[in-house]
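Taking it in order: structure first as structure tokens, then the write-up.
Each ligand, and each atom within it, is numbered from 1 in the order the structure gives.
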Amino acid sequence: MRIMRADRGLLITLEGIDGAGKTTIAGMLKMRFPDFVFTREPTEGPVGKMARRTEEPLEQLFLFMADHANHLRSCILPSISSGKVVVSDRYIDSRAAYQGALLREMIPIDWIYDLHRPWSLMPDMTLLFRIDPSVALERCTKRGATSLFEMETLLREVSRNFDIMASREPERFVVIDAERGIPEVAEHAASEILKLLRRRDSQGGDLL
Ligand code: TMP
């Protein structure tokens, strides 16, 4: 499905390793921008739940991707087509960073993007919440959350993948220092969103 950019809303994604604080920031942005559609991947749908439970990386890749196809069709595309601003807590880049790390011997990161490209939609802006993996892990342990992904060596590799992706696409990625206090991080994120909205408005609704 193709969407004319001039008629559409915006897609903003929040990315980062576990413990970077994205979800807390998403909650704060929701209060600041009540008209936006806030959503997340993996979704709470059946495939999203299955993806979250699966431990085999290749199966994870395809389950997270199937969840993404459903998310795109049922939420993201209809919202964007009706001119809404959509903020997704995780998106394609999470697959590239996490499954890219877990499947590094088998599947290059570029292939993960290539698998999405023909049918998915790239974000207008990606806020990358950057934090040292040891600080992130400390946060995860404090909140009692542990998952397969919360191992320092893996998180370091995932973090490195995010950094590589951000350096390859500096126009899309905005790197946010997530080691600061939550209010400061939220303020930085909000100011980047406002900048994007102003840029869209000054270009007559078209970011191209
Ligand atoms: P969450 O903690 O943001 O809810 O995400 C759940 C976990 O799933 C998190 O450790 C990152 C991982 N994940 C992937 O490995 N690949 C993906 O495509 C997505 C969306 C999440």
(message) Test your reading of the model: is there a side-chain donor-acceptor pair from Arg104 to the backbone of Ala101, 3.5 Å cut-off?
(response) yes

(request) Compute the shortest N/O to N/O distance between Glu41 and ligand 1 and return yes if it is under 3.5 Å, no if not. (result) no

(request) Hey, could you give me the CD1/NZ distance between Ile76 and Lys84, rounded to the nearest 0.5 Å? (result) 14.5 Å

(message) If we ignore hydrogens and angles and just use 3.5 Å, is the side chain of Arg139 paired with the main-chain N or O of Gly19 as donor and acceptor?
(response) yes

(request) Have a look at ligand 1 and work out which part of Arg95, if any, has a heavy atom under 4.0 Å from it: side chain, backbone, both or neither. (result) both

(message) To the closest 0.5 Å, what do you measure between CG (Leu102) and CD1 (Ile107)?
(response) 11.0 Å

(request) Give a yes or no answer on whether the side chain of Glu152 reaches the backbone of Pro133 with a donor-acceptor pair at less than 3.5 Å. (result) no

(request) Indicate, as side chain, backbone, both or neither, the part of Lys22 found under 4.0 angstrom from ligand 1 when only non-hydrogen atoms are considered. (result) side chain

(message) Side chain or backbone, does Arg52 bring an N or O within less than 3.5 Å of an N or O on ligand 1?
(response) yes

(request) Mind telling me whether His68 and His71 have parallel, tilted or perpendicular rings, with 30° and 60° as the class edges? (result) perpendicular

(request) Compute the shortest N/O to N/O distance between Arg40 and ligand 1 and return yes if it is under 3.5 Å, no if not. (result) yes

(request) List every atom of ligand 1 that sits less than 4.0 Å from any heavy atom of Pro42, numbering the atoms from 1 in the order shown and giving each element. (result) 5 (O), 20 (C), 21 (C)

(request) Would you check the N or O atoms of Tyr98, main chain and side chain alike, for any that come under 3.5 Å of an N or O of ligand 1? (result) no

(message) Which option wins on minimum heavy-atom distance to atom 10 (O) of ligand 1: Asp18, Asp67, Ile17, Val158?
(response) Asp18

(message) For Gln99, which part has a heavy atom under 4.0 Å from ligand 1: side chain, backbone, both, or neither?
(response) side chain

(message) Quick one about Glu184 and His188 (side-chain donor to acceptor, distance below 3.5 Å, no hydrogens or angles considered), yes or no?
(response) no

